[in-house]
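Here is the naming used below: chain letters follow the sequence lines, and residue numbers restart at 1 for every chain.
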Number of protein chains: 2
Amino acid sequence: MKLSTRGRYALRAMIDLVQNQYNNLMPISLRDISKRQEISRQYLEQLFNKLKKADLVKSTRGAGGGYLLAKEANKINAGDIIRAVEGPIVLADCILTGRKIKKSTPKKCNKVEDCAIRVLLELITQKINQTLDTTSLQDLGRITQNIKKEQKDER
Amino acid sequence: MKLSTRGRYALRAMIDLVQNQYNNLMPISLRDISKRQEISRQYLEQLFNKLKKADLVKSTRGAGGGYLLAKEANKINAGDIIRAVEGPIVLADCILTGRKIKKSTPKKCNKVEDCAIRVLLELITQKINQTLDTTSLQDLGRITQNIKKEQKDER
DNA sequence: TAAATAATATAATTTTTCAGTAAAGTCAAA
DNA sequence: TTTGACTTTACTGAAAAATTATATTATTTA
């Protein structure tokens, strides 16, 4: 049970965007994010594709172009970001499809025991989404800011 | 973000154990569980190895042998079972190790942005464990029982 | 006590997913 | 018209997960 790097990288990139924006006026290029976050440009491209489709960022092309937040940082939450790049959070396939367990051997989930497990997993999924949806990008930005400050003060 | 089959199978096997026990007197063989749950015997062996080490089941060898619950079903919870076969629930490696992100390229998690993400993931992990630890095997057994009953009534 | 049963332990194999890379193309602004 | 940036698709290698295989040891029962 892990959050894949896709989700983590997307969060990181979005936090980077908030931190480096000047009132969301100057587009930020993937090249810059790539450098700061040490994530390959091509990989970022994949992620921002999805972030854009989910209306979380907007882009301007050409020289001096790049990405901007599509909404205010307090209107974007962690759940939006993660679901944009990873799809909906599903702890077991039968929850979404209702049935299938595997792709290769599309066996039905016909064990009643599974249904009890499904009840449990659905409950957990709810809790996860609840937490993700009550944490805004602004929150994440502030936390980051505070950590940076602390690190500075220590020196 | 998925619960692996290991965890799901272990839950299923344990529910099977509760459902088919006669006051926990007659050991249940993996062969029977394997048949009922359609999980290969060898795979079950791996799982029960860990369940035993975690003191959730006890075993007797030889003919007529098999597994029994090591404690009462209301003293065993879903979290015990899942953690027994999957290890602790960790949504990102840096949470456990404090630092490392990957094994192969042991790069440090030196981005402050990650720390904000860690705060979020730790919160979620707490919630997950909370839910898992408040759902007993007895609960799961009852839910299963109810579902079986409903299915019967429908006919 | 031999045969059958069932757990224990480890190793090997297969399958699937993930992470990252590459390439070729499109579009917009300076 | 050229640069810089976004778009899209395909591919590859590595790691993790799932499954299978092979012995071995311990009990019971006929």
Might you list the N or O atoms of the protein lying below 3.5 Å from N or O atoms in nucleotides 1-3 of chain C, with each pair's distance?
none

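- Among C:dT21, D:dA5, C:dA7, the nucleotide with an atom closest to any side-chain atom of A:Ser29 is D:dA5.
- Within a heavy-atom distance below 4.0 Å of DNA chain C, the residues of residues 48-65 of chain A found are A:Arg61, A:Gly62.
- For the pair B:Lys35 NZ and C:dT5 P, the interatomic distance rounds to 11 Å; values are reported in whole Å.
- In this structure, the side chain of B:Ser136 engages the main chain of B:Asp139 through a donor-acceptor pair within 3.5 Å.
- At D:dA18, one or more side-chain N or O atoms of B:Thr5 fall inside 4.0 Å of OP1 or OP2 (strictly under the cut-off).
- Rounded to an integer number of Å, the gap from CG of B:Leu68 to P of D:dT27 is 15 Å.
- The distance from atom CZ of A:Arg41 to atom P of C:dA22 is 11 Å, rounded to the nearest whole Å.
- A continuous path of hydrophobic side-chain contacts links A:Met1 to A:Ile117 [ILVMFWY only; heavy atoms under 4.5 Å].
- Between the OH atom of A:Tyr43 and the C1' atom of D:dT12 there is a distance of 14 Å, given to the nearest Å.
- Side-chain N or O atoms of A:Arg6 include one that pairs as donor or acceptor with a backbone N or O of A:Val85 at under 3.5 Å.
- Mapped onto DNA chain D by nearest heavy atom, A:Ile28 and A:Met1 fall at different nucleotides, with A:Ile28 at the one closer to the 5' end.
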Let me check something: any side-chain donor-acceptor pairs from residues 76-83 of chain A under 3.5 Å, sequence neighbours excluded? List them with distances.
from	atom 1	to	atom 2	distance (Å)
A:Asn77	OD1	A:Gly79	N	3.1
A:Asn77	OD1	A:Asp80	N	2.9
A:Asp80	OD2	A:Asn77	N	3.1
A:Arg83	NH1	A:Asn129	OD1	3.0
A:Arg83	NH1	A:Asp133	OD1	3.4
A:Arg83	NH2	A:Asp133	OD1	2.9

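- Exactly one of A:Leu11, A:Leu17, A:Asp16 qualifies for a side-chain contact (heavy atoms from CB on, under 4.5 Å) with A:Met14. That residue is A:Leu17.
- Between the CD atom of B:Gln42 and the C1' atom of D:dT24 there is a distance of 15 Å, given to the nearest Å.
- For the pair A:Arg6 CZ and C:dT17 P, the interatomic distance rounds to 12 Å; values are reported in whole Å.
- For the pair B:Gln19/B:Gln145, a side-chain contact is recorded, criterion being any heavy-atom separation below 4.5 Å from C-beta on.
- Whole-Å rounding puts the B:Tyr9 OH to D:dA17 C1' distance at 11 Å.
- Each of A:Leu123 and B:Leu3 belongs to its own hydrophobic cluster when Ile, Leu, Val, Met, Phe, Trp and Tyr are linked at side-chain heavy-atom distances under 4.5 angstrom.
- Side-chain atoms of B:Leu30 lie closest to C:dA7 of the nucleotides C:dA7, C:dA11, D:dC6.
- Counting only heavy atoms from C-beta outward, the side chains of B:Leu132 and B:Ile89 approach each other to under 4.5 Å.
- Judged by atom type and distance alone, A:Gln46 reaches the base of C:dT21 through a side-chain donor-acceptor pair under 3.5 Å.
- Of the listed nucleotides (C:dA19, C:dT8, C:dT21), C:dT21 has the atom at the smallest distance from the side chain of A:Ser40.
- Look at CD on A:Glu45: it is 14 Å from P on D:dT9, rounded to the nearest Å.
- Ring orientation note: the planes of B:Phe48 and B:Tyr67 are tilted relative to one another, at an angle of 30° to 60°.
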